[in-house]
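Below: one structure, written as structure tokens.
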Amino acid sequence: MLTNCTAELKRLVYVNNVAREKETIATYDWYITAVSEESKYMEEWKFWKIYKLSIQKLTEIKEADEIIINSVSYSVKWVAYRHCWWLSLTTIILEEWL
């Protein structure tokens, strides 16, 4: 699979049941693309951009995670896992606030 960026996966860390800070838990080589404005994921009058991120392996990513690519922060909005015979794929919909 093609890759066009390296991304850090950050997750909120809890200490004594209190959320403290986000910590980098993994770094992956990803393929990121912008979602077209005609896509069902886009709606009018939004103050953010939507992107689709793909990686050719199954990863543990949650909707509360944050992904950093080239010092830009993205929120994870949707995660899909696909696994069949020889293909493992994680697809993520990201949101960037403008």
Side-chain angles (χ1 to χ4, degrees):
M1 176 174 230
L2 297 173
T3 61
N4 64 359
C5 67
T6 299
E8 287 181 63
L9 176 63
K10 291 191 169 213
R11 185 166 294 154
L12 202 55
V13 176
Y14 290 87
V15 177
N16 297 327
N17 294 328
V18 177
R20 293 291 178 192
E21 60 186 37
K22 289 194 176 185
E23 182 178 284
T24 300
I25 61 167
T27 302
Y28 297 105
D29 290 327
W30 303 84
Y31 187 78
I32 188 168
T33 57
V35 173
S36 73
E37 292 188 17
E38 292 80 30
S39 171
K40 65 181 180 178
Y41 298 115
M42 295 294 289
E43 296 178 21
E44 291 183 31
W45 308 109
K46 298 293 181 180
F47 296 102
W48 54 81
K49 290 185 179 180
I50 304 291
Y51 296 90
K52 183 173 97 172
L53 197 61
S54 301
I55 184 171
Q56 196 170 2
K57 66 168 81 170
L58 297 178
T59 61
E60 182 190 344
I61 296 177
K62 300 178 181 178
E63 291 182 5
D65 290 344
E66 177 182 9
I67 293 180
I68 309 293
I69 301 171
N70 296 332
S71 301
V72 178
S73 176
Y74 300 89
S75 300
V76 175
K77 292 297 164 195
W78 181 77
V79 180
Y81 301 102
R82 293 178 184 87
H83 181 71
C84 63
W85 298 293
W86 51 270
L87 178 66
S88 296
L89 183 67
T90 302
T91 303
I92 303 157
I93 299 297
L94 298 176
E95 180 178 85
E96 175 194 13
W97 284 85
L98 302 175

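Only this structure's heavy atoms are used, side chains among them; waters, hydrogens and symmetry mates stay out.
Annotation: the span from T90 atom OG1 to I61 atom CD1 amounts to 6.0 Å, rounded to 0.5 Å. Here the OG atom belonging to S75 is positioned 12.5 Å from the CD1 atom belonging to I92, to the nearest 0.5 angstrom. Expressed to the nearest 0.5 Å, how far CD1 of I93 lies from OH of Y51 amounts to 12.5 Å.
Hydrophobic cluster membership differs between Y28 and I68, with clusters built from Ile, Leu, Val, Met, Phe, Trp and Tyr side chains linked at under 4.5 angstrom.
K52 is listed as a side-chain neighbour of T91, based on a closest heavy-atom distance under 4.5 Å.
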Evaluate the side chain to side chain contact (heavy atoms under 4.5 Å, CB included) criterion for residues T27 and L9: first the C-alpha distance (whole Å), next the side-chain angles of each, then the deciding distance (0.1 Å), finally the verdict. CA-CA 6 Å; T27 302; L9 176 63; over 6 Å; no
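Between E60 and D65 the shortest heavy-atom distance is O-OD2, 4.3 Å. Considering every non-hydrogen atom in both I55 and L89, the closest pair reads O-CD1, 3.2 Å. Listed here is the closest heavy atom pair of Y81 and T59: CE2-O, 2.8 Å. Nearest heavy-atom pair across E8 and T24 is OE1-OG1, 2.8 Å.
Listed by chain and residue number, Y74, E96 satisfy the side chain to side chain contact (heavy atoms under 4.5 Å, CB included) test with V72 (two or more places apart in sequence, or in another chain). By the side chain to side chain contact (heavy atoms under 4.5 Å, CB included) test, K22 is found to be paired with K10, L12, E66, residues two or more places apart in sequence or in another chain being considered.
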